[in-house]
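Chain naming here is simple, since letters A, B, ... match the order of the sequence lines and numbering starts at 1 in each.
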Amino acid sequence: MILNSLRVPAAEFSAVTGWDAKPEGMCRGEVCVPAPGALDNGQVNVEVAAARLGMPVVHDSDHGVWSLGAATATGRTLATAVARFPSTLIDAMGRGFDFASLRGRRIIMIAWASW
Amino acid sequence: MAVWIDENGMIVRPAEQASIERSPARDMEIPEGIPDRLKLMIGEVKKIPDDSAAYRAALLDWVRNGAASAYAMTPDEVVAASRPTSNDTSLAGACFAMGEHLHRTVGHDAAVPYWRRAHALDPDNWTYKRQAWTLVTTPEGATENDLMQGPNDVYEGNWLDDVLAAGGGDNYYVRANLERPK
């Protein structure tokens, strides 16, 4: 996740990382990690959340951006088997594709590169 | 790589190596008269394990049988089968993403230090390496990516030497576990 600030709207943080900021902590599916101070007025304090979730933060001071790594708190890439449906994907023709329109069907998601 | 998601929005197989068709490269004859380096590369490509028939059979089984398929994992099995992660691999991902961002918004040179760091932190990740290599070994104006990704002045590694160092084409990727889990 590329950030221009270390305070991010909770909904944006959730959409990209899959982790929801809740009063009980940072949650993904049924897994919650206590994170006091991570949620403040609807914003995620990235430094606090990242520390609790084991997310490395890389800062490029020349360009004023941060890159947030994936959570390592559970030791696995997935903390839950609940799939996160991105709001919109771009298809091969550059058009928006509503991934959620596939709900209720079996989905195979394939990643491929030309090199 | 592919992920299977069921009708209820549950992942039933996490990201894993996926192919349903045997690559023609596995069976190609190595042509005479080509450069030695290319011969060696083709030789390693031919060694890459081919699980396409088994994967195709598993996929068809899931399509036919849904949750009753032996290849559809339980939620706990999915989490346990997902890739292990560590601070180094996650930091490598953050570095790679930073490089991607800077490549798009600033320029290639800004990305290079981050991609070098990603390679050092997660040396088994071919995605990080090949993405970076192909951008420096593909000639400007070329219509296709350079697949040889040979020695270059920007990165320490290159396709052939790194594949050999990692044990050869036999160890090119982590194979999907297609033994029936239940």
message: More than 12 heavy atoms of other residues, nucleotides or ligands under 6.0 Å from CD of B/E29: yes or no?
response: no
statement: When the 4.5 angstrom heavy-atom criterion is applied to B/T127 and chain A, the contacting part is both
task: Determine whether more than 12 heavy atoms belonging to other residues, nucleotides or ligands lie under 6.0 Å from atom CD of A/E30.
output: yes
field: Value rounded to 0.5 Å, distance of CD1 in A/I108 from CD1 in B/I20
entry: 8.0 Å
field: Greatest number of heavy atom pairs closer than 4.5 Å to chain B - which of A/G29, A/S67, A/G69
entry: A/S67
Residue B/T134 versus chain A: region with a heavy atom under 4.5 Å: side chain
- prompt: Are the side chains of B/P75 and A/T80 in touch, meaning some heavy atoms are under 4.5 Å apart?
  reply: no
- prompt: Considering only heavy atoms, which portion of B/F96 lies under 4.5 Å from any heavy atom of chain A: side chain, backbone, both, or neither?
  reply: neither
- prompt: Is a side-chain N or O of B/S90 found less than 3.5 angstrom from the main chain of A/A70, in a donor-acceptor match?
  reply: yes
message: Tell me which of these, A/I2, A/V82, A/V58, has more heavy-atom pairs under 4.5 Å with chain B than the rest.
response: A/I2
- request: Before accepting this row, confirm whether a basic side-chain N of the pair A/R106/B/E7 lies closer than 4.0 Å to the acidic partner's carboxylate O.
  value: yes
- prompt: Can any side-chain N or O of A/R76 pair as donor or acceptor with the backbone N or O of B/S82 at less than 3.5 Å?
  reply: yes
- request: Supply the atom-to-atom distance A/L68 CG to B/M98 CE, rounded to the nearest 0.5 angstrom.
  value: 10.5 Å
message: So which atom in A/V65 and which in B/L102 form the shortest heavy-atom distance, rounded to 0.1 Å?
response: CG2-CD2, 4.5 Å
- request: Heavy-atom distances under 4.5 Å only: say whether A/T74 touches chain B with side chain, backbone, both or neither.
  value: neither
- request: Using a cut-off of 6.0 Å, state whether more than 12 heavy atoms not belonging to A/E47 lie near its atom CD.
  value: no
task: Against chain A, label B/A15 side chain, backbone, both or neither, depending on which of its atoms sit under 4.5 Å from a heavy atom there.
output: neither
